[in-house]
Amino acid sequence: MQRYFAYKNKHDEIVINDDDIFHIVNVMRMKEDAEFEINNDGDIYLAKVDLVSPFKFSLIKKIEENHELNGYIRLLYCLPKGDKVDLVIQKAVELGANEIVLINSTRSIAKITNENRDKKIARFNKIIKEASEQSKRTKLLKLNDVITFKELKNYKADTSFIAYENTSLTSNDLLKELSLIKGKTVNVIIGAEGGITKEELDIAINLGYKEISLGKRILRSETACIYILSLLSFYMEN
């Protein structure tokens with residue numbers, strides 16, 4: 001069943017935005033008495049269309065459900081080239097991540113600047129909303145400000161990982177760490193196409209990040225994100 005995120009207006013009424021109303025009426029072609037779901041700040045309701053034009057709806061009942069993980073995943077992703085970040089954000093939502101922090105790293109080819117920031121962030125938030133509705137997320141993933149490596153200290157976690165291809169650690173070492181993460185806050189840093197510089201690795205290590213291996217093969221940055229988020233999701237499932 002189709003789900004939409006809602007909010008409360010100044011009169012404390014639950015409403016949905018005009019884009020979603022357009023989707024209900026013109027894309028889904030819902031008629032009167034058609035049912036859909038509403039997520040209002042984590043509270044899920046079954047709703048029905050009362051009137052198509054002007055659009056009106058009513059709440060039928062509250063739905064008790066929880067599709068969130070037992071823990072908190074924060075992905076810190078060094079900006080890749082092209083539209084790879086769009087894919088990573090979408091899959092991060094589907095895999096249960098709670099927060100994404102984008103990093104303008106030394107080897108990031110693409111950069112988010114003051115000039116293009118608002119447009120890019122608006123697109124990313126739209127991807128988050130649509131992926132959250134599709135995957136039945138209870139909470140919207142948080143998209144944080146674009147940072148540099150020196151600002152990593154502002155993001156605390158119980159356990160912090162950094163994927164580094166030259167590490168001496170193995171996948172088995174990672175699996176031992178993952179067995180302890182349920183219910184915890186976990187940070188994981190994934191580099192851009194060129195990887196992480198030694199200086200950036202040192203910054204992370206000094207902040208308590210642990211080097212991890214993602215296997216014997218060299219993965220694309222977007223594949224690495226999906227791979228590690230899948231593992232974290234598996235170990236945090238209730």
Side-chain angles (χ1 to χ4, degrees), residues 1-8 13-17 19-21 23-24 27-28 30 34-49 57-77 84-102 121-144 155-161 174-175 177-188 190 222-238:
M1 184 175 293
Q2 193 70 27
R3 176 174 294 185
Y4 300 94
F5 280 85
Y7 61 95
K8 285 189 176 181
E13 300 168 328
I14 295 177
V15 297
I16 54 181
N17 65 40
D19 288 342
D20 288 336
I21 291 173
H23 190 269
I24 290 171
V27 179
M28 300 302 296
M30 293 187 190
E35 296 181 350
F36 59 98
E37 293 175 351
I38 282 180
N39 183 335
N40 176 53
D41 196 25
D43 292 326
I44 313 300
Y45 298 92
L46 180 65
K48 72 178 182 71
V49 178
F57 70 91
S58 58
L59 304 181
I60 300 174
K61 64 178 180 179
K62 189 173 182 180
I63 301 172
E64 298 296 337
E65 66 175 40
N66 179 21
H67 294 164
E68 300 303 310
L69 299 174
N70 184 5
Y72 190 97
I73 300 173
R74 179 185 291 117
L75 172 66
L76 299 107
Y77 186 32
K84 293 178 181 179
V85 69
D86 294 18
L87 174 66
V88 168
I89 288 174
Q90 182 190 63
K91 300 311 173 189
V93 171
E94 294 178 23
L95 290 167
N98 303 92
E99 183 178 350
I100 287 184
V101 180
L102 300 175
I121 296 300
R123 186 177 81 248
F124 296 156
N125 279 319
K126 183 178 180 181
I127 293 170
I128 291 169
K129 178 178 178 295
E130 291 175 351
S132 298
E133 291 170 345
Q134 178 273 321
S135 59
K136 302 285 187 177
R137 288 292 299 269
T138 308
K139 300 177 181 179
L140 284 170
L141 176 144
K142 180 180 180 182
L143 178 65
N144 233 308
Y155 298 89
K156 308 296 184 183
D158 298 306
T159 303
S160 298
F161 301 121
L174 172 59
L175 293 179
E177 295 283 351
L178 293 178
S179 66
L180 305 173
I181 66 170
K182 185 171 286 189
K184 303 293 182 64
T185 296
V186 177
N187 285 354
V188 59
I190 300 294
E222 67 272 26
T223 308
C225 289
I226 295 170
Y227 178 85
I228 188 61
L229 290 176
S230 298
L231 288 174
L232 293 173
S233 175
F234 178 82
Y235 278 88
M236 282 188 178
E237 284 288 359
N238 291 314

### Query
What distance separates D41 CG from L140 CG, expressed to the nearest 0.5 Å?
9.5 Å
### Task
Give the minimum heavy-atom separation between T138 and H67, together with the two atoms involved.
OG1-N, 3.4 Å
### Side-chain heavy-atom pair Y77, V101 within 4.5 angstrom cut-off
no
### Query
Is the number of heavy atoms from other residues, nucleotides or ligands under 6.0 Å of N125 CG greater than 12?
yes
### Query
Does V88 reach the side chain of I190, with side-chain heavy atoms less than 4.5 Å apart?
no
## Note on the structure
Taken to the nearest 0.5 Å, the spacing of R3 CZ from I38 CD1 works out to 11.0 Å
### Query
Passes side chain to side chain contact (heavy atoms under 4.5 Å, CB included), K136 versus M1? Steps please.
CA-CA 10 Å; K136 302 285 187 177; M1 184 175 293; 4.2 Å; yes
### Query
If we only count heavy atoms from C-beta on, is the N98 to K139 side-chain gap below 4.5 Å?
no
## Note on the structure
Rounding to 0.5 Å, atoms NZ (K8) and CG (N40) come to a distance of 6.0 Å
### Min side-chain heavy-atom separation I128-I100 under 4.5 Å
no
### Message
Main chain of Y155, side chain of N187: is a donor-acceptor contact present, judged purely on distance under 3.5 Å?
### Response
yes
### Query
Is any side-chain heavy atom of Y4 closer than 4.5 Å to a side-chain heavy atom of I21?
no
### Query
With a 4.0 Å cut-off, would you call K91 and E222 a salt bridge?
no
### Query
Passes salt bridge (charged side-chain N to carboxylate O under 4.0 Å, His left out), D20 versus K129? Steps please.
CA-CA 11 Å; D20 288 336; K129 178 178 178 295; 2.9 Å; yes
### Query
How far does CD of Q90 sit from CD1 of I226, to the nearest 0.5 angstrom?
9.0 Å
### Task
Give a yes or no on whether the backbone of F5 and the side-chain of E133 come within a donor-acceptor separation of less than 3.5 Å.
yes
### Message
Tell me whether S233 contacts the main-chain N or O of L229 through its side chain, where contact means a donor paired with an acceptor under 3.5 Å.
### Response
no
### Sub-4.5 Å side-chain heavy-atom contact between V186 and M236
yes
#### Entry: Min side-chain heavy-atom separation M28-F36 under 4.5 Å
no
### Task
For K184 and A157, indicate whether the former's side chain and the latter's backbone hold a donor-acceptor pair under 3.5 Å.
no
## Note on the structure
One should read off an interatomic distance between E64 CD and K61 NZ, to the nearest 0.5 angstrom, of 11.0 Å
### Task
For the pair T159 and L180, evaluate side chain to side chain contact (heavy atoms under 4.5 Å, CB included) and give the outcome as yes or no after the intermediate values.
CA-CA 9 Å; T159 303; L180 305 173; over 6 Å; no
### Task
Enter the distance from E237:CD to N70:CG here, rounded to the nearest 0.5 Å.
9.5 Å
### Summary
Scanning both residues in full, the closest heavy-atom pair of A97 with L141 reads O-CD1, 3.4 Å
### Message
For the backbone of R137 and the side chain of S132, can you confirm whether one donor and one acceptor N or O come within less than 3.5 Å of each other?
### Response
no
#### Entry: Backbone N/O of I24 and side chain of Q2: donor-acceptor pair under 3.5 Å
no
### Query
Would you find more than 12 non-hydrogen atoms of other residues, nucleotides or ligands less than 6.0 Å from K48 atom NZ?
yes
### Derivation and outcome, side chain to side chain contact (heavy atoms under 4.5 Å, CB included), residues R123 and D86
CA-CA 8 Å; R123 186 177 81 248; D86 294 18; 3.0 Å; yes
### Residue pair F161, I228: steps toward the side chain to side chain contact (heavy atoms under 4.5 Å, CB included) verdict
CA-CA 10 Å; F161 301 121; I228 188 61; 5.5 Å; no
